[in-house]
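Here the structure is laid out as structure tokens; the discussion comes afterwards.
Since the model is a prediction, treat every value here as computed from it, not as a measurement.
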Amino acid sequence: MSKFENVSVTTKANVYFDGKCVSYSLELPDGTSKSVGVIQPSKLTFGTSAPEIMELVAGEAKVTLAGDTQPITYRAGESFKVPGDSSFDIEVVDTMHYICHYG
């Protein structure tokens, strides 16, 4: 997805991990929440409260979901699902631009 129409954007950035991850929160007209952001090359662990689908717009990352032992590599145009109340480890190899779809 390259463009969202008629959205509300929270203009203050969400900055995590000393600036290695920066995102902005969006709300669509139907009430759906998403975030768009960038993760710089790094190794990070994210926790989730709700289920998420992480869609890579650009870049490359190795992702290990909670309970898994081997990472899976994802590239631009691919996505991965993360259950709610879970976590995932991510090693960003090439700066990753993403859309996070919640719920």
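With contacts defined as side-chain heavy-atom distances shorter than 4.5 Å, the pair L65/S86 does not qualify. Taking 4.5 Å as the limit, every side-chain heavy atom of V63 sits out of range of all side-chain heavy atoms of I72. With a 4.5 Å cut-off on side-chain heavy atoms, P51 and P83 do not count as touching. With contacts defined as side-chain heavy-atom distances shorter than 4.5 Å, the pair E52/F46 does not qualify. For the pair M96 and V38, the minimum side-chain heavy-atom distance is 4.5 Å or more. Between Q70 and D68 the shortest side-chain heavy-atom distance does not fall below 4.5 Å. The shortest side-chain heavy-atom distance between V36 and L26 falls under the 4.5 Å cut-off.
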Item to check | Derivation of the side-chain contact (heavy atoms from CB on, under 4.5 Å) call for T48 and S87 | outcome: CA-CA 6 Å; T48 64; S87 66; over 6 Å; no

Item to check | Stepwise side-chain contact (heavy atoms from CB on, under 4.5 Å) test for K34 and L28 | outcome: CA-CA 8 Å; K34 300 185 184 299; L28 280 64; 4.0 Å; yes

Next on the checklist: Pair L44, K20 - check side-chain contact (heavy atoms from CB on, under 4.5 Å), show working.
Outcome noted: CA-CA 9 Å; L44 307 171; K20 292 181 179 96; 4.2 Å; yes

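Residue T95 holds its OG1 atom at 11.5 Å from CD of E60, rounded to the nearest 0.5 Å. The distance from the CD atom of E91 to the OG1 atom of T73 is 8.5 Å, given to the nearest 0.5 Å. Rounding to the nearest 0.5 Å gives a distance of 12.5 Å between CD1 of I99 and OG of S23.
If you chain together hydrophobic residues whose side chains sit under 4.5 Å apart, F4 and I53 never meet in one group. V93 and M54 sit in two unconnected hydrophobic clusters of ILVMFWY residues. Membership requires side-chain heavy atoms under 4.5 Å apart, directly or through other members. In the hydrophobic clustering of this structure, I39 groups with L56; members are Ile, Leu, Val, Met, Phe, Trp, Tyr whose side-chain heavy atoms approach within less than 4.5 Å, directly or through other members.
Of the N and O atoms on the side chains of H101 and E55, at least one donor lies less than 3.5 Å from an acceptor on the other residue. Using a 3.5 Å distance cut-off with no hydrogens or angles, the side chains of Y102 and S35 do pair a donor with an acceptor.
Residues V7 and V9 share a closest heavy-atom pair of CG2-CG2, 3.9 Å.
Residues Y98 and Y74 place their aromatic rings such that the two centres sit no closer than 6.0 Å.
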